Amino acid sequence: LGSNLEEALAMLEEFEEANPVGEPMPTMDRVKYHKGRALIRLKRFDEAKAALAESLELKPKSKRVLEALEEANAG
């Protein structure tokens, strides 16, 4: 499972760098959220908090991002 998470994280980071826009691309807040979730599962909590904070900046008051941020802080 860990190697799959590492691969997923690498793909998310590649997507982040490319920063594609328009349909059918996911919004960057979702990319940052999923990156944060992957980092939590990898127990890389500081990086997770940073990604989730960026997601929250892009989509303030997102319940799922706030919950994930709580989980990262508890890590």
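Hydrogens, waters and symmetry mates are skipped; everything else that's a heavy atom, side chains included, is used. All figures in this text were calculated on a predicted structure; none of them were measured in a lab.
- Ion pair Lys32/Asp29 not flagged as a salt bridge, since none of the NZ, NE, NH1 or NH2 atoms sits closer than 4.0 Å to an Asp/Glu carboxylate oxygen.
- Residues Lys35 and Glu47 are not in side-chain contact: their nearest non-hydrogen atoms beyond the backbone lie 4.5 Å or more apart.
- In the hydrophobic clustering of ILVMFWY residues, with side-chain heavy atoms under 4.5 Å counting as a link, Tyr33 and Leu66 come out together.
- Under the 4.5 Å side-chain heavy-atom criterion for ILVMFWY residues, a single connected hydrophobic cluster contains both Ile40 and Leu69.
- To the nearest 0.5 Å, atoms CG (Asn4) and CD (Glu7) are separated by 5.5 Å.
- In this structure, CG on Leu9 lies 8.5 Å from CD on Glu16, to the nearest 0.5 angstrom.
- In terms of hydrophobic clustering, with Ile, Leu, Val, Met, Phe, Trp and Tyr side chains grouped at heavy-atom distances under 4.5 Å, Leu56 and Phe45 are assigned to a common cluster.
- Linking Ile, Leu, Val, Met, Phe, Trp and Tyr whenever their side-chain heavy atoms come within less than 4.5 Å puts Phe15 and Leu58 in one cluster.
- Glu67 has its side chain within reach of Lys63: a pair of non-hydrogen atoms, C-beta onward, lies under 4.5 Å apart.
- The two residues Ala51 and Leu39 have their closest heavy-atom pair at CB-CD1, 4.4 Å.
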Practice problem: Report the C-alpha separation of Thr27 and Lys59 in whole Å, then their side-chain angles, then the decisive distance to 0.1 Å, and conclude whether the side chain to side chain contact (heavy atoms under 4.5 Å, CB included) test is met. | Solution: CA-CA 10 Å; Thr27 57; Lys59 191 169 186 180; over 6 Å; no
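- The line from CZ of Arg37 to OG of Ser55 is 11.5 Å long, rounded to the nearest 0.5 Å.
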